[in-house]
Amino acid sequence: MAGHNESEQKSSDAVNDLQTFRAENLQSNMKVIYYSRTFLSIIGGVIAGILGFTGLTGFVFYFLVMAITSVALIAKAKFSIHTYFDSWNRVVFDGFLGGLMSFVLFWTFAYDIVHIF
């Protein structure tokens, strides 16, 4: 059994193990995620339009681009997500559908330029 002093030591270690985040750093990291996803949505839309993807194929391509973006962002964080973000959901899901409108806009624009005009 642990003595009284040992339990106090364990509880103080648990408090020290709690990670804290600065709001400015977390907000800056989230901006990087949103900007990266928006930029890659635009690039992916142009590529999908040039390749002539239509219908469901284009949307599958978008989700593939966003999955690759998530893996790249995790690799950029050196696979230690909790050092830079408060949860892994932020890296994988935040902004996932936010770039969809940009993707569709540039997808249809590039498709029209290359295949219709």
Side-chain angles (χ1 to χ4, degrees):
M1 286 175 92
H4 183 59
N5 292 337
E6 291 178 12
S7 65
E8 287 179 0
Q9 180 67 24
K10 287 181 183 178
S11 65
S12 68
D13 287 343
V15 171
N16 291 336
D17 289 343
L18 182 66
Q19 288 186 342
T20 58
F21 296 99
R22 289 188 57 198
E24 298 87 13
N25 293 345
L26 189 61
Q27 186 176 13
S28 174
N29 293 342
M30 291 310 298
K31 281 183 184 179
V32 168
I33 287 178
Y34 285 121
Y35 292 150
S36 299
R37 289 195 186 276
T38 302
F39 177 72
L40 288 172
S41 294
I42 292 169
I43 298 300
V46 170
I47 292 171
I50 290 171
L51 293 176
F53 293 154
T54 57
L56 189 59
T57 309
F59 289 107
V60 169
F61 182 73
Y62 172 74
F63 289 116
L64 179 68
V65 168
M66 288 298 105
I68 291 170
T69 303
S70 295
V71 170
L73 289 169
I74 292 169
K76 177 73 174 166
K78 297 178 182 154
F79 299 99
S80 62
I81 296 170
H82 295 291
T83 304
Y84 302 101
F85 303 99
D86 54 352
S87 70
W88 64 272
N89 294 359
R90 295 229 183 221
V91 180
V92 176
F93 295 120
D94 276 3
F96 198 83
L97 295 176
L100 186 60
M101 296 298 249
S102 298
F103 176 82
V104 171
L105 175 70
F106 283 90
W107 175 24
T108 55
F109 181 67
Y111 183 85
D112 289 346
I113 288 176
V114 171
H115 297 283
I116 294 178
F117 295 121

(request) Mind checking the OH-OG spacing from Tyr84 to Ser28? Nearest 0.5 Å is all I need. (result) 12.0 Å
(message) What verdict does the side chain to side chain contact (heavy atoms under 4.5 Å, CB included) test give for Ile74 and Phe79, after you've listed the backbone C-alpha separation in whole Å, the side-chain angles of each residue and the deciding distance to 0.1 Å?
(response) CA-CA 5 Å; Ile74 292 169; Phe79 299 99; 3.5 Å; yes
(message) Side-chain heavy atoms nearer than 4.5 Å, only ILVMFWY residues, links allowed to pass through others: does that put Val32 and Phe85 together?
(response) no
(message) Would you compute the distance between atom CG of Leu73 and atom CG of Asn29 and round it to the nearest 0.5 angstrom?
(response) 10.5 Å
Review item, side-chain donor-acceptor pairs of residues 43-59, under 3.5 Å, at least two apart:
none

(message) Please list all pairs meeting side-chain hydrogen bond (donor to acceptor under 3.5 Å, both in side chains) that have one or both residues in residues 101-117, counting only residues at least two apart or in different chains.
(response) none
(request) Would you please name every residue forming a side chain to side chain donor-acceptor pair (under 3.5 Å) with Asp86, sequence neighbours left out? (result) Arg90
(request) State plainly whether one hydrophobic cluster holds both Phe106 and Phe39, where clusters connect Ile, Leu, Val, Met, Phe, Trp and Tyr through side-chain heavy atoms under 4.5 angstrom apart. (result) no
(message) Membership question, hydrophobic clusters at under 4.5 Å side-chain separation (ILVMFWY): are Leu26 and Val91 in the same one?
(response) yes
(message) I'd like to check the side-chain contact (heavy atoms from CB on, under 4.5 Å) partners of Tyr35; sequence neighbours left out, ordered by chain and number.
(response) Lys31
(request) With the side chain counted from C-beta on, respond yes when Asn89 and Asp94 share a heavy-atom pair under 4.5 Å apart, and no when they do not. (result) no
Taking only distance into account, with no hydrogens and no angle test, what donor-acceptor pairs under 3.5 Å do side-chain atoms of residues 61-72 form with protein atoms, sequence neighbours excluded?
from  : atom 1 : to     : atom 2 : distance (Å)
Tyr62 : OH     : Phe96  : O      : 2.4
Tyr62 : OH     : Leu100 : N      : 3.3
Thr69 : OG1    : Val65  : O      : 2.8
Ser70 : OG     : Arg37  : NH2    : 2.7
Ser70 : OG     : Met66  : O      : 3.1
Ser70 : OG     : Val92  : O      : 3.4

(request) May I ask whether Val60 and Phe103 are part of the same hydrophobic cluster, defined by side-chain heavy atoms of I, L, V, M, F, W, Y residues being less than 4.5 angstrom apart, directly or through others? (result) no
